[in-house]
2 protein chains.
Amino acid sequence: MAKAARPSTPRKPARATKPRTRLAPEQRSDQILRGAIQFFAERGFGGQTRDLAEQLGISQALLYRYFPTKEMLIERIYEELFVRRLKPEWDVILSTRTEPLLSRLTRFYLDYSTMLHDYEWGRIYLYSGLGGSKIAQRFADHVTQSIFTRVIAELRHEFRLPDLTKIPMTEPELELMWGLHGSIFYIGIRKSVYHLEPPHDVAGTVKRGVESFYANARAIMSGKVGRRSK
Amino acid sequence: MAKAARPSTPRKPARATKPRTRLAPEQRSDQILRGAIQFFAERGFGGQTRDLAEQLGISQALLYRYFPTKEMLIERIYEELFVRRLKPEWDVILSTRTEPLLSRLTRFYLDYSTMLHDYEWGRIYLYSGLGGSKIAQRFADHVTQSIFTRVIAELRHEFRLPDLTKIPMTEPELELMWGLHGSIFYIGIRKSVYHLEPPHDVAGTVKRGVESFYANARAIMSGKVGRRSK
DNA sequence: AATATTAATGATCACTTGATCAATAATGTC
DNA sequence: GACATTATTGATCAAGTGATCATTAATATT
């Protein structure tokens with residue numbers, strides 16, 4: 001009944017607490033940031049700092065040595081995912097006309113989709129958007145302005161249609177872009193949000209999507225731009 | 001400096017508390033359910049019961065008279081959004097062959113998209129999926145099994161290709177369906193998650209999406225089904 | 001009008017949760 | 001090896017959080 005005290009090793013209580021591992025500040029900071037991305041991607045930003053610390057194998061208090069508040073840690077995550085992962089070369093790929101346009105589009109979307117299909121990126125992008133974060137909306141705006149504009153400009157040139165400076169982007173053109181973007185991003189959503197089986201051949205699916213887009217673009221844009229819509 | 005007590009009306013402290021409004025149980029229950037959908041759509045399921053009660057203009061305790069736990073209230077919301085809103089007539093629309101297939105597809109997706117584009121429906125669908133709710137995944141499965149299968153069956157018939165019982169749905173066919181679904185749902189996501197301007201002409205956008213889908217379907221399916229893929 | 005019924009509430013409990021801080025123990029410096 | 005530096009931790013605080021319950025007040029019944 002009564003719990004008997006263990007008689008052996010009377011002093012020094014057998015070191016139940018594991019020895020502290022002491023890291024260089026930058027390493028620890030990186031470890032926390034990477035762990036936090038994984039953690040909040042899974043649990044949402046309502047996830048508790050104690051659970052995050054436990055997952056990292058550190059004390060909860062230590063988080064606050066490297067990030068003053070949970071809020072700031074989340075901001076740092078946004079920076080990491082939505083600013084640092086933008087590649088300037090994307091615009092170069094899309095606009096280098098020595099390569100056929102369909103090939104450029106395919107190359108770009110295959111690369112771009114690796115970001116859109118990243119489990120943690122996708123979930124945090126949705127959580128941040130649902131939570132009303134400015135940076136998520138800013139990212140969406142950026143995508144619209146830079147990528148969409150570039151692709152439509154190239155399509156107009158390809159199809160010998162008036163420049164965007166002459167005729168601004170039309171709604172059907174914009175929606176054509178959103179359609180491609182949405183269908184590709186949704187491949188990631190299926191996996192990262194609803195845990196459905198992704199296509200066996202993701203690259204092939206993206207490729208087909210771009211090809212369909214390209215074919216539709218010719219049909220729709222020739223009918224709508226540079227000609228009076230009926 | 002010192003707050004003087006108002007001398008008039010010495011008894012009965014001026015009724016600062018508004019008179020209770022007493023509703024029939026079913027009415028109150030409905031009011032809470034509808035308010036909760038709106039509330040959790042905005043704040044996510046981390047939203048607090050006190051804030052929900054305040055938004056409803058009732059006491060927090062009253063929530064627990066009608067719903068035993070917050071969890072049960074959320075389950076009731078799922079029931080309302082993901083079970084009750086499924087329309088059996090969708091399958092009828094898709095499979096009634098007296099109407100041309102493209103027309104059926106357009107009619108169906110125009111109706112279906114009013115659900116997908118509903119602000120609260122979309123946000124709660126995403127929140128529930130991110131949160132790992134079974135019912136969201138079950139809904140996604142249902143969509144796949146019932147709608148996708150029906151549409152592909154009709155397309156196979158239209159293009160005089162082998163029956164689904166002869167050759168099961170191929171990955172390109174499945175992805176074709178997901179592509180349309182994703183691009184249409186994403187119109188809603190843009191609005192309800194990222195607060196971007198929706199297209200001026202949503203119906204027209206959906207219609208164009210279906211038309212493109214139909215054209216691609218012919219091209220892709222004729223190349224892949226009933227013929228050996230290269 | 002008196003009484004019974006029950007919808008609605010304020011107060012409260014037990015537990016969670018972001019944040020703080022003095023004490024502790026690795027590591028570097030001489 | 002002694003000492004200084006600082007990364008790390010356990011303990012703790014204050015505010016918040018879902019849930020409970022005795023009390024209150026609308027409405028129905030007679």
Side-chain angles (χ1 to χ4, degrees), chain A residues 11-37 39-40 42-78 127-128 131 133, chain B residues 11-37 39-40 42-78 127-128 131 133:
Chain A
R11 297 281 164 83
K12 215 178 199 177
R15 189 49 152 277
T17 57
K18 66 164 192 244
R20 294 184 180 179
T21 50
R22 185 185 167 116
L23 295 185
E26 200 189 341
Q27 278 185 31
R28 184 66 82 189
S29 177
D30 278 5
Q31 182 213 18
I32 291 174
L33 181 58
R34 276 180 290 115
I37 289 174
F39 178 80
F40 288 124
E42 208 54 60
R43 313 270 276 258
F45 297 119
Q48 301 163 19
T49 55
R50 277 171 182 77
D51 293 338
L52 168 56
E54 188 183 18
Q55 181 176 302
L56 286 165
I58 63 177
S59 71
Q60 185 229 7
L62 190 57
L63 296 173
Y64 289 86
R65 184 174 174 92
Y66 295 96
F67 299 93
T69 64
K70 183 182 177 182
E71 190 71 22
M72 297 285 279
L73 173 56
I74 291 168
E75 285 298 320
R76 186 69 189 74
I77 290 174
Y78 289 157
Y127 270 124
S128 69
S133 154
Chain B
R11 297 278 164 86
K12 214 178 200 177
R15 190 51 150 272
T17 56
K18 65 163 191 247
R20 294 183 178 179
T21 51
R22 185 185 168 117
L23 295 185
E26 200 189 341
Q27 279 185 30
R28 183 66 82 189
S29 178
D30 279 5
Q31 181 214 17
I32 291 174
L33 181 59
R34 276 179 289 115
I37 289 173
F39 178 80
F40 288 123
E42 208 55 61
R43 313 269 277 258
F45 297 119
Q48 302 163 19
T49 55
R50 277 172 180 77
D51 293 339
L52 168 57
E54 188 183 19
Q55 181 177 302
L56 286 166
I58 64 176
S59 70
Q60 185 231 5
L62 189 57
L63 296 173
Y64 289 86
R65 184 175 174 92
Y66 294 96
F67 300 92
T69 63
K70 183 182 176 182
E71 190 71 22
M72 297 285 279
L73 173 56
I74 291 169
E75 285 298 320
R76 187 69 188 73
I77 289 174
Y78 289 158
Y127 270 124
S128 69
S133 154

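Letters go in sequence order (proteins before strands), and every chain restarts at 1.
Atom C1' of nucleotide D/dA7 and atom CG of A/D30 are separated by 16 Å, given to the nearest angstrom. To the nearest angstrom, P of D/dT9 lies 11 Å from CG of A/L56. Atom CD1 in A/I32 sits roughly 12 Å away from atom P in D/dA7 (whole-Å rounding). Remark: P of D/dA26 and CG of B/L62 are 14 Å apart, rounded to the nearest angstrom. Whole-Å rounding puts the A/D51 CG to C/dC15 C1' distance at 14 Å. Between B/R43 atom CZ and D/dT17 atom P the separation is 11 Å, expressed in whole Å. Following rounding to the nearest Å, B/M72 (CE) and D/dA19 (C1') show an atom-to-atom distance of 14 Å. Regarding A/I74, its CD1 atom lies at a distance of 14 Å from the C1' atom of C/dT17, rounded to whole Å.
By the side-chain hydrogen bond (donor to acceptor under 3.5 Å, both in side chains) test, B/E42 pairs with B/Y119, sequence neighbours left out. With sequence neighbours excluded, the residues that form a side-chain hydrogen bond (donor to acceptor under 3.5 Å, both in side chains) with A/T49 are A/Q60. Every ring pair (Phe, Tyr, Trp, His ring centres under 6.0 Å) that B/Y78 has, sequence neighbours left out, goes to B/F45, B/F82. Legend: residues meeting side-chain hydrogen bond (donor to acceptor under 3.5 Å, both in side chains) with B/Q31, ordered by chain and number and at least two apart, are B/R28. For B/D51, the salt bridge (Lys or Arg N to Asp or Glu O under 4.0 Å) partners are B/R43, not counting sequence neighbours.
Below the 3.5 angstrom threshold, one finds a donor paired with an acceptor across the side chain of B/R20 and the base of D/dT24.
Residue A/Y66 is in sugar-phosphate contact alone, with no base atom involved, counting any heavy-atom pair closer than 4.0 Å across all strands shown. Heavy atoms of B/L63 sit nowhere under 4.0 angstrom from any nucleic acid atom.
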Please tabulate the protein-to-nucleotide N/O contacts below 3.5 Å involving nucleotides 3-5 of chain D, giving atom names and distances.
none

Are there any protein N/O atoms within less than 3.5 Å of an N/O atom in nucleotides 18-22 of chain C, and if so, which ones and at what distance?
| residue | atom | partner | partner atom | Å |
| --- | --- | --- | --- | --- |
| C/dG18 | OP1 | A/K70 | NZ | 3.0 |
| C/dG18 | OP2 | A/T49 | N | 2.9 |
| C/dG18 | OP2 | A/T49 | OG1 | 2.9 |
| C/dG18 | N7 | A/R50 | NH1 | 2.8 |
| C/dG18 | O6 | A/R50 | NH2 | 2.8 |
| C/dA19 | OP2 | A/Y64 | OH | 2.9 |
| C/dA19 | OP2 | A/K70 | N | 2.8 |
| C/dA19 | N7 | A/Q60 | NE2 | 3.1 |
| C/dA19 | N6 | A/R50 | NH2 | 3.2 |
| C/dA19 | N6 | A/Q60 | OE1 | 2.8 |

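Between atom CD1 of residue A/I58 and atom CD1 of residue A/I32 there is a gap of 4.0 Å, rounded to the nearest 0.5 Å.
When all heavy atoms of A/F39 and A/Q55 are compared, the closest pair comes out as CD1-OE1, 3.4 Å.
For residues 52-72 of chain A, the set of pairs meeting the salt bridge (Lys or Arg N to Asp or Glu O under 4.0 Å) definition, not counting sequence neighbours, is empty. Applying the ring-ring contact (aromatic ring centres under 6.0 Å, His included) rule to pairs touching residues 53-77 of chain A yields nothing, sequence neighbours excluded.
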